[in-house]
Each structure stands twice: as structure tokens, then as C-alpha cells.
Amino acid sequence: MKKQGNPYLLLTPGPLTTTPTVKSAMLGDWCTWDRKYLDLVQNIRSRLVGLATRNPENYTSVLIQGSGTFVVESVIGSVIPYHGKLAVLMNGAYGERIAKMAKVIGIQTVVIDFGETSPVDGAQLEAVLLEQPDITHVAVVHVETTTGMLNPIEEIGRAAKRHGKVYIVDAMSSFGGIAFDVADLDIDFLVSSSNKCIQGVPGFGFVIAKTSSMLGCAGLARSLSLDLYDQWETMEREGGKWRFTSPTHVVYAFYQALLELEQEGGIARRQERFTNNQRVLAKGMARASFRALLPEHNQSPIITSFYYPDNESFSFAELYERIKEEGFVLYPGKISSAPTFRIGNIGDVNVSDMERLTESIECIRFW
Ligand SMILES: *Cc1c(COP(=O)(O)O)cnc(C)c1O
């Protein structure tokens, strides 16, 4: 059944399917500098740090307007000094995007390419760090949404920290849906956004940062509107104030989404729901004779890639249209090495939705 007010369930993170209560939290107009609103922003900032670590003393957070990419670019363009050098571990489009940003900004960059279907690897990073001691920063994507790959951020962090590097993690599609502790992993800058596992609507992203690392970034930014330090410093000094017009409706919806994450039982419970969704999805798709791109041990509980079937009459466009009529939107593939499509399982969706989806797919035997 379609959820109330929704034309279909979005299995396309993101935007993704949000609850009716998150959507209705937007039905008001708020002043961007009113004290009550600023207090809400402060509340969100401290809740985010609380979600990121059991030891919040050394961490802080900052919200930034735009989609997730803007916020990744804000970090890449604000935390690496002019003489710095960035190592990017790449196994998909989002790692590639980080390398592209660095190039546009003019940052010296070395890309460690793992192809599209292998996880990134700490030993290989370590070899590069030994070879190129002038590397100052390491960036990695936690869940490569391109394929659904779960990258080993703990192992990468250990390698980066053994060599004293600043550690940047794009946890866009994992933060809030996969449990980990930024302090345990010694992450300096973690990026995520309003419209992924927290289950808000699109409009801003956020950075969880080690406070000491953030303090070192004054004056480094190559962009005014994406100046991470300046945005953070303003929020700190003026108690929740954004430098420019903030997406007030999105912020209210995000606060509601944070309350609902808490009501669900926190990140560990949400991870359980996502994991169950993914298992039911993978099982149902296997029943319908679709092969997953990744082996189970590399598969995240967020999004799954499936090969097109070995049948010339298969058309993803037709599958997409017919499944949309059943109330689901699927996601086209994004890798170059094989024809695939993707199905996300985050958002306000559960195992019964996954069962209904895979039963519908099984029934479409037009190929
Ligand atoms: C969604 C996502 C982004 C940001 O994409 P936007 O379209 O800018 O929101 C970045 N990295 C990863 C891993 C993502 O899944």
C-alpha cells in the first residue's frame, strides 16, 4: 500500500520516504534568527554529536545549507592547508567526486583506486602513505552508495592515524543507520546530510568534527559560502545562527526525524530494521532470479545493486515503470563495468514493504 500522501515509496536514497509526521513538521514559517529557532539548531547540533559518539567532549558539529555534496566540498575546501596533500580511497562515484572537488579547488591529490567491486584496503593505503609522506589528509566513503559497498572505515582510520594524518569520512548514506563511534575511530571530520539515514528531507548537510581539528581551519577556506570554519564559528559565537538564509522548514523536519530516530530506539535499532529490510530484499530478489553485484560480506544494509538478468528481452525502463505502478521507485545503476540497477532500503520502509516489492518483481516475468 502506498503511504499516506505519497505517490510511491522511494527506494532511492535520497530523497527517501519520510514519515507523515516529518512531512507535517514543515507546515509553518519560521524566522531564521529568532531565539526559539536558534535554540532548536543548538539542540540539533548537540544531538548529532550525541549520536556520533559516547564521548562527546572533544567533538562538535556544524550544519551547512545545500545537498550532501556541498558539505563534502565544504570540508575538502576548508580543512586542507595550501601546502597539504589529500589521499582519496576510491571505489565508486562518491570517492571519485571527492577527488574531482580537490582537483577543482587545486589541492594536490593522490587517488588510490580499488575498482568498483572491491572494498578499500588499509594495507594499500599504508603503502602509499609510506611512499608519499607529504600526504596530510585521508578521505574515504563509508558506504559507497554507487554499489552499496560497505568500506572498512576502522581499518582505514588505523592506517591513517598510524601516520598522523587528518581523517575525513563521507558517511552520507550510513550515519544514523549504521552504528559506530567517531571518537573510537578517531575521525576528524565526518559528513552526512538531512535526507539519508536520519530520514529527514533534503536541504542541508552537517559535519561532526573533532573540535581541535576544526580550530585549526581558520582562514583555510577556498570558498566564502562553503567556509566550514566560518559557518561553525558563527554558530558557536551566535548560539545556532547560520551565516546565510537557513532552510528553516527542513530544519524543523530534521528535528522531528531525530526524535523519531530516538523513539525507534536509536541507531542500533534502526540498523537492525535496515539490515532486516536488506535481507528480505536480497532473498526475494534471489527468488526472482536476480543476482546481487556484491558478495554478502561487502554488502551494506543501505542499498543493493543487482545485475540485469541474462536475458535480452529485459528492460530496466519497463521494470521501473511497472514497479512504479505498484507503488515503488527503483534506482538506476551507476557503475561502468556491468549493467546493474539498485534498490535502497532506508527511509520509512520495513520488511513488509520489501516483501511486497519482491513479490511484485517476481510476478513480472516479461523477460
Ligand atoms: C548521497 C551521497 C552524497 C551526496 O549526494 P547529494 O546528491 O549531494 O546529496 C555523497 N556521498 C555519498 C556516499 C552519498 O550517498
Side-chain angles (χ1 to χ4, degrees), residues 10-18 63-77 86 88-102 104-105 111 113-114 116-117 119-120 138-153 156 167-178 180 182 187 189-208 223 225-226 228 247 250-251 253-254 257 270-271 274 278 293-294 298-305 329-335 340-347:
L10 284 173
L11 304 178
T12 60
L16 40 61
T17 302
T18 58
L63 317 182
I64 300 177
Q65 299 93 330
S67 86
T69 302
F70 290 63
V71 184
V72 176
E73 190 159 359
S74 154
V75 169
I76 299 302
L86 174 69
V88 181
L89 294 102
M90 182 173 91
N91 60 354
Y94 292 100
E96 192 179 2
R97 191 176 293 175
I98 294 176
K100 216 171 183 175
M101 286 168 189
V104 167
I105 298 165
V111 175
D113 188 350
F114 295 85
E116 292 176 313
T117 54
V120 302
V138 171
V140 71
V141 177
H142 187 197
V143 169
E144 217 349 314
T145 321
T146 313
T147 53
M149 174 77 71
L150 180 64
N151 278 323
I153 54 171
I156 299 304
Y167 189 29
I168 301 167
V169 178
D170 171 351
M172 204 70 66
S173 61
S174 61
F175 184 75
I178 296 180
F180 59 92
V182 289
I187 293 171
F189 299 96
L190 173 139
V191 186
S192 188
S193 77
S194 57
N195 62 283
K196 300 227 171 161
C197 294
I198 308 275
Q199 298 184 178
V201 303
F204 72 91
F206 52 88
V207 177
I208 316 271
S223 156
S225 55
L226 294 179
L228 182 76
V250 179
V251 170
F254 189 73
R270 181 156 292 181
Q271 180 171 353
F274 289 168
Q278 199 280 331
L293 173 72
L294 299 178
N298 292 332
Q299 174 64 54
S300 68
I302 306 295
I303 186 168
T304 310
S305 295
V329 168
L330 306 182
Y331 215 20
K334 204 171 180 169
I335 68 165
T340 57
F341 64 96
R342 295 175 290 172
I343 303 180
N345 58 261
I346 62 176

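Heads up: numbering here begins at 1 and tracks the sequence. Every number for a ligand or one of its atoms is a count from 1 in the order of the listing. Just so it is clear, the values below take in all heavy atoms, side chains as well, and ignore hydrogens, waters and symmetry mates.
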A student checking ligand 1 against Val141 at a 4.0 Å heavy-atom cut-off should list atoms 13 (C)
Residues Cys197 and Gly176: closest non-hydrogen pair is CB-C, 3.7 Å
Residue, atom and distance of the protein heavy atom nearest atom 5 (O) of ligand 1 read Thr69 OG1, 3.5 Å
| Nitrogen or oxygen of Asn195 less than 3.5 angstrom from that of ligand 1 | no
Aromatic contact between Phe175 and Phe206, with the criterion being ring centroids under 6.0 Å apart: yes or no? yes
* Quick check: does Tyr94 get an N/O under 3.5 Å from an N/O on ligand 1? -> no
Under 4.0 Å from one or more heavy atoms of Ser173, ligand 1 contributes atoms 15 (O)
Worksheet item: Under 3.5 Å, is there a donor-acceptor pair linking the side chains of Thr69 and Arg97?
Response: yes
For atom 15 (O) of ligand 1, the closest protein heavy atom turns out to be Thr145 OG1, 2.4 Å
cation_pi(Lys196, Tyr94) dist<6.0 Å, angle<=45: yes
Atom 11 (N) of ligand 1 has as its nearest protein heavy atom Asp170 OD2, 2.7 Å
the protein heavy atom lying closest to atom 1 (C) of ligand 1 turns out to be Lys196 NZ, 1.3 Å
Quick note on ligand 1: atoms under 4.0 Å from a heavy atom of Val143 include exactly 13 (C)
Filtering Glu144, His142, Met149, Met172 for the heavy atom nearest atom 3 (C) of ligand 1 leaves Met172
- prompt: Going by distance alone, is a donor N or O of one side chain under 3.5 Å from an acceptor N or O of the other, for Ser173 and Thr145?
  reply: yes
For Lys334 and Ala93, the nearest pair of non-hydrogen atoms, with its separation, is CE-CB, 3.7 Å
(message) Any nitrogen or oxygen of Gly68 lying under 3.5 Å from a nitrogen or oxygen in ligand 1? Just yes or no.
(response) yes
Side-chain donor-acceptor pair present, Thr147, Glu116, cut-off under 3.5 Å
no
### Task
Kindly state whether the ring of Phe204 and the ring of Phe254 have centres lying under 6.0 angstrom apart.
yes
